[in-house]
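Whatever order the structure lists ligands and atoms in, that order sets their numbers, starting from 1.
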Amino acid sequence: MRKQIAAANWKMNCTLTQAEELLSKLAAAEINVTENRISVIAVPAPYLILAQQQLVHKANVFVAAQNCYSKKSGAYTGETSVEMLQSIGTAYVLIGHSERREYFHETNSLLADKVNIALEYNITPIFCCGEALDIREANTQNEFVGRQLEESLFHLTAEQLQKVVIAYEPIWAIGTGKTASSEQAQEMHAYIRSALAAKYGSSVADSISILYGGSVKGSNAAELFAQPDVDGGLVGGASLNAEEFTAIINALK
Ligand code: 13P
């Protein structure tokens with residue numbers, strides 16, 4: 001069975017005091033996780049070590065970085081390498097969030113390099129894809145997302161691809177309170193899985209977790225996660241509230 005994953009993305013939020021408080025609430029929360037039903041918390045880089053220390057005793061809860069650079073090390077002021085992430089024990093890294101693509105001009109080809117280096121250092125990439133509103137309105141979302149997958153992931157071997165988690169986040173649903181309907185989410189997730197199957201075969205495609213992101217809340221998580229191709233969520237705003245995020249974790253299939 002593929003993993004069901006409730007992932008938090010704190011984005012650029014929280015002071016140290018707020019991060020400590022949120023982490024200690026998560027560490028104490030009654031969550032229903034197992035080896036195949038996990039939670040991943042993507043915190044800002046300054047809190048990675050703290051998050052790992054606070055959550056180390058929480059089985060099946062992992063810490064993620066929100067970004068990494070595509071090079072191993074060197075003169076890249078301000079960047080974080082996967083070698084650093086590996087050295088502090090980070091298990092996951094978000095790659096290609098739409099905010100990185102939009103504000104930091106990350107391209108599909110740069111993201112392919114980031115996926116490669118994360119895999120090289122045994123850090124699981126959570127590869128984000130998703131279309132903007134104008135693309136959805138023109139009904140070309142499948143072609144758009146298909147190209148993101150093709151240009152950033154389809155150079156991988158089947159064995160490598162099976163180590164990647166995909167997060168579909170329609171940009172028009174991020175931080176807007178406008179969630180994709182469970183039918184819209186299912187439709188795109190099924191399309192993504194069919195594209196993976198066409199390239200790698202259905203048993204590989206069936207093994208890959210595909211998360212939905214965009215205004216996931218405690219109140220809509222169960223319906224979204226109940227869709228057959230939705231394997232959990234990547235949650236922004238609602239992950240900053242421990243009770244809300246706990247409800248989302250407990251809504252996993
Ligand atoms: P919201 O849950 O705030 O819409 O953000 C989604 C997201 O971008 C998670 O990465």
Side-chain angles (χ1 to χ4, degrees), residues 3-14 18-19 22 26 38-45 47-48 51 61-68 80 90-104 106 111 114-115 118 123-133 135-136 141 144-145 148-149 152 164-182 184-185 188-189 192 209-225 227 230-252:
K3 276 191 170 60
Q4 304 296 302
I5 305 173
N9 177 8
W10 290 7
K11 307 193 179 185
M12 197 176 74
N13 292 296
C14 293
Q18 290 165 336
L22 187 46
L26 290 172
I38 66 167
S39 184
V40 174
I41 320 282
V43 302
Y47 311 138
L48 280 167
V61 176
F62 302 91
V63 174
Q66 296 177 7
N67 182 33
C68 65
T80 303
T90 307
Y92 289 79
V93 60
L94 303 186
I95 290 183
H97 191 282
S98 59
E99 290 148 17
R100 303 276 338 154
R101 294 173 185 264
E102 180 178 355
Y103 304 129
F104 304 96
E106 296 195 352
L111 299 175
K114 291 190 177 195
V115 167
I123 297 176
T124 302
I126 301 181
F127 177 78
C128 304
C129 57
E131 80 287 355
L133 185 60
I135 292 167
R136 170 66 59 166
Q141 65 272 15
F144 183 83
V145 170
Q148 290 181 320
L149 300 175
S152 299
V164 174
V165 172
I166 294 175
Y168 168 62
E169 299 202 305
I171 297 169
W172 46 272
I174 295 180
T176 57
K178 222 193 277 167
T179 318
S181 67
S182 47
Q184 284 173 319
M188 177 56 88
H189 284 226
I192 291 172
S209 304
I210 308 176
L211 318 184
Y212 167 78
S215 300
V216 176
K217 301 184 275 281
S219 56
N220 60 22
E223 189 190 333
L224 286 159
F225 299 170
Q227 299 302 312
V230 178
D231 306 311
L234 178 55
V235 186
S239 75
L240 296 170
N241 178 304
E243 291 74 31
E244 187 83 10
F245 189 59
T246 300
I248 293 169
I249 298 172
N250 290 336
L252 286 172

Side chain to side chain, Leu234 and Leu94, heavy atoms closer than 4.5 Å: yes
Under a 4.0 Å heavy-atom cut-off, which residues neighbour ligand 1? Asn9, Lys11, His97, Glu169, Ala173, Ile174, Gly175, Gly214, Ser215, Leu234, Val235, Gly236, Gly237
Checking the side chain of Ser209 only, and the main-chain atoms of Asp231 only, is there a donor and an acceptor separated by less than 3.5 Å? no
Would the distance check show the side chain of Ser215 and the main-chain N or O of Ala173 forming a donor-acceptor pair, the cut-off being under 3.5 Å? yes
Check whether Gln66 reaches the backbone of Lys11 with its side chain - one donor and one acceptor, N or O, closer than 3.5 Å. yes
Expected output: side-chain Tyr168 to main-chain Ile192 donor-acceptor under 3.5 Å: no
Heavy-atom side-chain contact between Lys114 and Leu111 under 4.5 Å: yes
